Structures are given as structure tokens and as C-alpha cells.
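For this chain, numbers begin at 1 and follow the sequence in order. As the structure is a prediction and not an experimental result, all values here were calculated from the model.
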Amino acid sequence: MNNNLLFTEHKLGPITLRNRAIRSAAFENMAYGNKPSEDLYNYHTAVARGGAAMTTVAYCSVTRSGVSFDGQLYIQRGAKLYNAQGQVVE
């Protein structure tokens with residue numbers, strides 16, 4: 001019997017993760033022109049398909065003055081954010 005908690009569901013705030021494997025942020029350098037790219041999407045999709053319950057992006061700015069370098073994600077006010085199922089996150 002496997003008693004390892006890693007493979008058990010876990011409630012994190014309002015969401016339930018399928019397991020406790022979380023891929024922490026590391027600079028992907030895939031936000032070309034500071035915008036989300038297909039490469040960035042595909043990278044994080046592959047991480048999730050590989051088993052991680054949650055993956056996070058690195059170096060994401062919510063203000064233009066917070067952008068430090070090209071390749072850093074910049075999410076502007078009013079931008080639509082989507083979950084893995086392609087649904088808009090409110």
C-alpha cells in the first residue's frame with residue numbers, strides 16, 4: 001500500500017489539486033514581446049500532462065514599469081486569463 005501524500009488530492013483555497021506535485025516558477029523566457037506565447041502554453045501544458053497538479057509562471061509583471069527584460073510576461077489590466085480547459089478565469 002502506498003501511503004505517500006504526494007499522490008493524494010489536496011484543497012488549496014478554492015481549488016482541489018489532483019495531487020501535491022507543484023512545479024515552481026523558473027524563468028522560461030517564452031513570453032516573446034512580453035506576451036503569452038504558444039511555446040509558453042505548450043511548455044506548461046506538457047508539465048501538467050506529465051503529472052504536476054499545478055504549474056506557475058515566473059517573472060510575470062502586472063505593470064509596464066515592472067518589466068525587467070524581454071521574455072518576461074506582462075499581463076495588462078483587463079487581460080483575459082484562461083484555465084487548462086480554455087475557460088475564462090474570472
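- For the atom pair Y74 OH and S65 OG, the distance stands at 8.0 Å (nearest 0.5 Å).
- Expressed to the nearest 0.5 Å, how far CE of M54 lies from CG of N19 amounts to 11.0 Å.
- A side-chain donor-acceptor contact under 3.5 Å links R20 to the backbone of L5.
- Across A58 and F27, no two heavy atoms sit closer than the pair CB-N, 3.7 Å.
- Between S61 and the options V67, N34, I75, L73, a side chain to side chain contact (heavy atoms under 4.5 Å, CB included) holds for only V67.
- Remark: E28 CD to D39 CG distance equals 11.0 Å, nearest 0.5 Å.
- With sequence neighbours left out, the side chain to side chain contact (heavy atoms under 4.5 Å, CB included) criterion links V47 to R23, Y43, A52, T55.
- A pairwise comparison of heavy atoms in R18 and G51 identifies NH2-C, 3.4 Å as the closest pair.
- Q72 places a side-chain N or O within 3.5 Å of a backbone atom of G66 that can act as its donor or acceptor partner.
- Interatomic distance, K35 NZ to L40 CG, rounded to the nearest 0.5 Å: 14.5 Å.
- By the criterion of side-chain heavy atoms lying less than 4.5 angstrom apart, applied directly or through intervening Ile, Leu, Val, Met, Phe, Trp or Tyr residues, I15 is grouped together with I22 in one hydrophobic cluster.
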